[in-house]
Amino acid sequence: MVPRHRFQVWACRALGLIWLVSLLAMGGGAFAAETKNLEPDPDSPMRFVVVRSNAPGCEPTCPEWISAEGAISAKSPALLKAVLKTLGRRKLPIVVNSPGGDVDAAIAMGRMIRKNKLDIAVGRTWFVGCEPGEKNCKENDARGSHYIGNPYVLGSYCASACPMMLAGGTRRLVGPLAYLGVHQITTTVVQMNVQYEVRYRVVKGKKRVISKKVVSRKNAGSYKTYEMSKKVERKLATYFKEMGVDLSVVETMKSTPASDIQQIDLGDMLTMKLVTSEDSVSLLTNASLCTPEPLASNCREIPANKPAGGQPAVAKAAPPVKPQNAQPDDGMRFAVVRGSNPLCNPDCPEWIAAQGAITPQTPQKLSQLLATLGNRRLPVVVSSRGGDLSGALAAGRIIHEKKLDVAVARTDFVGCDPAEWNCLAKDGAYAGLSVDGDGDCDSACALMLAGGARRLVGPQARLSLYLMGQKQTVKAYLDEMAISPALFAALQDSSVERRLEPDMMLKVGLTTGRQSVDALTGSSICKSAPKPENCRVVASSNAQAEAPAKL
């Protein structure tokens with residue numbers, strides 16, 4: 001009887017994350033008008049397609065990537081190899097979303113990715129026009145690429161065998177909003193009854209085999225073992241060492257039952273060298289990669305897509321809003337927002353979204369909203385290009401007095417936007433998601449941020465500042481907020497708006513940490529002990545039905 005081992009690992013908990021994608025489909029106003037909501041089966045075999053960015057203004061030169069979604073099977077390495085062959089020498093990053101699967105196949109793809117010096121990130125692709133698997137679709141043919149879409153992170157995951165594929169990347173990104181988990185490997189031992197026909201001759205009284213062939217092979221049953229054998233442990237250790245990943249990831253796998261899955265925090269991923277930075281998929285797929293000069297390796301020009309007029313419509317950053325004329329969009333608006341990630345129901349974090357230009361009326365608006373909250377202290381999630389200096393200082397002092405935390409990030413509203421006349425808050429809050437990417441805090445906004453008890457600027461958010469006049473007033477305010485005089489001294493040496501680097505912000509005390517906004521608004525914070533003040537249980541007759549299955 002000959003045993004044959006087949007290794008399969010699956011992410012039992014990852015299916016709950018599919019709820020997030022459905023949620024995004026309801027709230028993704030930027031794509032909803034021209035996309036189909038076809039949710040792929042997470043258990044279907046992994047498919048690979050080359051995708052071109054649909055970001056506004058990037059044509060005729062846009063970033064492209066390889067979308068890899070689905071379960072890893074024995075056929076996956078051959079499919080990936082075929083896609084890479086069609087690209088020739090072009091190096092496209094891989095955007096992967098997978099519940100796991102065949103370990104040997106995942107390792108083979110990891111080595112293939114490393115050999116080709118490719119980057120990889122956990123994420124998903126929202127397709128525009130033709131969907132993978134859709135037959136005879138010609139909707140995008142005029143655009144020079146069969147698959148066009150936008151990458152996103154919410155609801156993306158890489159579990160079980162998938163981290164082994166991820167380990168092969170030159171740059172390996174997960175980011176704070178994606179899910180990565182590991183567990184024990186399930187080994188299926190297939191027992192076979194094998195009969196051989198052996199021919200031999202006797203030479204000097206000893207048998208010598210001439211030939212041996214199998215005449216029958218019958219399955220004698222199988223069994224599964226959930227303990228990692230020494231052989232498998234050595235295989236994984238050899239592979240991770242080859243990829244430059246710390247072997248503590250193997251220990252984490254061994255300590256997690258196959259029936260469960262252990263989510264690895266971003267900080268631990270960095271320690272394990274499983275990821276190379278805190279960045280997420282946007283670092284590899286953002287349209288800004290294809291603005292001159294130099295172009296990223298995954299940018300491709302399609303001259304036929306050149307906009308009318310002969311010049312590409314490159315989106316330019318808006319100039320800083322000056323204090324004397326900061327009145328666009330009726331000024332900064334404030335709204336109480338409840339995290340719409342279904343994984344947190346019924347106990348979800350809430351925050352105050354502060355977005356738009358700072359005006360003289362901003363402090364009054366903030367005070368009015370805080371009055372409706374009573375003694376509740378919610379963090380402020382701010383995104384603003386700046387505005388009125390006096391308004392910013394007054395708002396900062398209110399935040400300081402109330403001992404509120406502040407993070408730089410954008411709030412994306414789900415379902416409807418509070419600016420719409422028919423958009424009503426439910427249970428006292430609007431549904432939304434906080435996103436580091438595209439979160440700006442410039443000029444006067446940085447002074448408003450200085451009032452926070454905790455002041456967070458994540459790796460994808462941006463903060464800049466310059467002295468807008470009234471230097472002594474600004475200096476006195478920074479002293480009042482216990483910000484080091486070194487910041488004021490540095491700003492005096494520059495007559496233009498200055499992008500502040502993370503190390504400098506920490507050194508002078510303008511920020512208290514490099515954490516993402518998720519430290520204040522992430523879906524998992526309400527499960528910690530002690531529970532943050534901004535968590536609130538919303539009782540509902542449908543609370544149990546609406547909550548996703550426990551992972």
Peer 1: Can you list everything that forms a side-chain hydrogen bond (donor to acceptor under 3.5 Å, both in side chains) with N298? Sequence neighbours excluded, please.
Peer 2: none

Peer 1: Check whether any side-chain heavy atom of F413 lies under 4.5 Å from a side-chain heavy atom of Q355, and answer yes or no.
Peer 2: yes

Peer 1: Is the closest side-chain heavy-atom distance between M165 and M46 below 4.5 Å?
Peer 2: yes

Peer 1: Rounded at 0.5 Å granularity, tell me how far OG1 in T276 sits from CD1 in I120.
Peer 2: 11.0 Å

Peer 1: Taking C-beta and beyond as the side chain, do P349 and C344 meet within less than 4.5 Å on heavy atoms?
Peer 2: yes

Peer 1: Going from NE2 on H146 to CZ on F127, what distance comes out if it is rounded to the nearest 0.5 angstrom?
Peer 2: 10.0 Å

Peer 1: Holding to salt bridge (charged side-chain N to carboxylate O under 4.0 Å, His left out), I want the full list of residues that pass it with K531, two or more places apart in sequence or in another chain.
Peer 2: D347

Peer 1: Look at D405 together with R455 and state whether they make a salt bridge at an N to O cut-off of under 4.0 Å.
Peer 2: no

Peer 1: Decide yes or no for L463 and M505: does some side-chain heavy atom of the first lie under 4.5 Å from some side-chain heavy atom of the second?
Peer 2: yes

Peer 1: Would you indicate whether the side-chain heavy atoms of W65 and S53 approach each other to under 4.5 Å?
Peer 2: yes

Peer 1: Do R124 and V95 have side chains that get closer than 4.5 Å, going by heavy atoms?
Peer 2: no

Peer 1: More than 12 heavy atoms of other residues, nucleotides or ligands under 6.0 Å from NZ of K527: yes or no?
Peer 2: yes

Peer 1: Please walk me through it: do S277 and R172 pass side-chain hydrogen bond (donor to acceptor under 3.5 Å, both in side chains)?
Peer 2: CA-CA 7 Å; S277 74; R172 306 178 291 278; over 6 Å; no

Peer 1: Can you sort out the partners of E242 under side-chain hydrogen bond (donor to acceptor under 3.5 Å, both in side chains), two or more places apart, ordered by chain and number?
Peer 2: R111

Peer 1: What residues, two or more places apart in sequence or in another chain, satisfy side-chain hydrogen bond (donor to acceptor under 3.5 Å, both in side chains) together with D412?
Peer 2: R410

Peer 1: Please check if the side chain of D268 supplies one atom and the backbone of I264 the other of a donor-acceptor pair under 3.5 Å.
Peer 2: no

Peer 1: Is any side-chain heavy atom of L289 closer than 4.5 Å to one of L295?
Peer 2: no

Peer 1: When rounded to the nearest 0.5 angstrom, what is the spacing between SG in C162 and CG in N97?
Peer 2: 8.0 Å

Peer 1: Could you grab the distance from atom SG of C137 to atom OH of Y147, nearest 0.5 Å is fine?
Peer 2: 8.0 Å

Peer 1: Answer yes if the side chains of S67 and R47 hold a donor-acceptor pair under 3.5 Å, and no otherwise.
Peer 2: yes

Peer 1: For R52, what residues pass the side-chain hydrogen bond (donor to acceptor under 3.5 Å, both in side chains) criterion, not counting sequence neighbours?
Peer 2: E59, E64

Peer 1: Pick from D436, D440, D442: which one makes a salt bridge (charged side-chain N to carboxylate O under 4.0 Å, His left out) with R462?
Peer 2: D440

Peer 1: Any side-chain heavy-atom pair from Q460 and S282 closer than 4.5 angstrom?
Peer 2: yes

Peer 1: Give, for atom OG of S255 and atom CD of Q262, the distance between the pair rounded to the nearest 0.5 Å.
Peer 2: 6.5 Å

Peer 1: Do side-chain atoms of S528 reach the backbone of S524 as a donor and acceptor pair under 3.5 angstrom?
Peer 2: no

Peer 1: With salt bridge (charged side-chain N to carboxylate O under 4.0 Å, His left out) as the criterion, how do D279 and R171 come out once you've worked through the C-alpha distance, each side chain's angles and the decisive distance to 0.1 Å?
Peer 2: CA-CA 10 Å; D279 299 291; R171 283 187 290 177; over 6 Å; no

Peer 1: Check for a donor-acceptor pair, side chain of N116 on one end and backbone N or O of L118 on the other, with a separation under 3.5 Å.
Peer 2: no

Peer 1: Between R333 and D417, is there a side-chain N and carboxylate O pair less than 4.0 Å apart?
Peer 2: yes

Peer 1: Using salt bridge (charged side-chain N to carboxylate O under 4.0 Å, His left out) as the criterion, list what pairs up with D518, not counting sequence neighbours.
Peer 2: none

Peer 1: Is there a donor in the side chain of N54 and an acceptor in the side chain of R143, or the other way round, less than 3.5 Å apart?
Peer 2: yes

Peer 1: Quick one: OH on Y157 to OG on S98, what's the gap to the nearest 0.5 Å?
Peer 2: 7.5 Å

Peer 1: As a test of understanding, state which of T285, V128, N150, T125 forms a side chain to side chain contact (heavy atoms under 4.5 Å, CB included) with V51.
Peer 2: T125

Peer 1: Of all heavy-atom pairs between M332 and S384, which one has the smallest distance, and what is that distance?
Peer 2: CE-CB, 3.6 Å

Peer 1: List the steps and the verdict of disulfide bond (SG atoms under 2.5 Å apart) for C290 and C299.
Peer 2: CA-CA 6 Å; C290 301; C299 296; 2.0 Å; yes

Peer 1: Would L433 and V414 count as a side-chain contact (heavy atoms from CB on, under 4.5 Å) here? Give the steps.
Peer 2: CA-CA 7 Å; L433 301 163; V414 175; 4.1 Å; yes

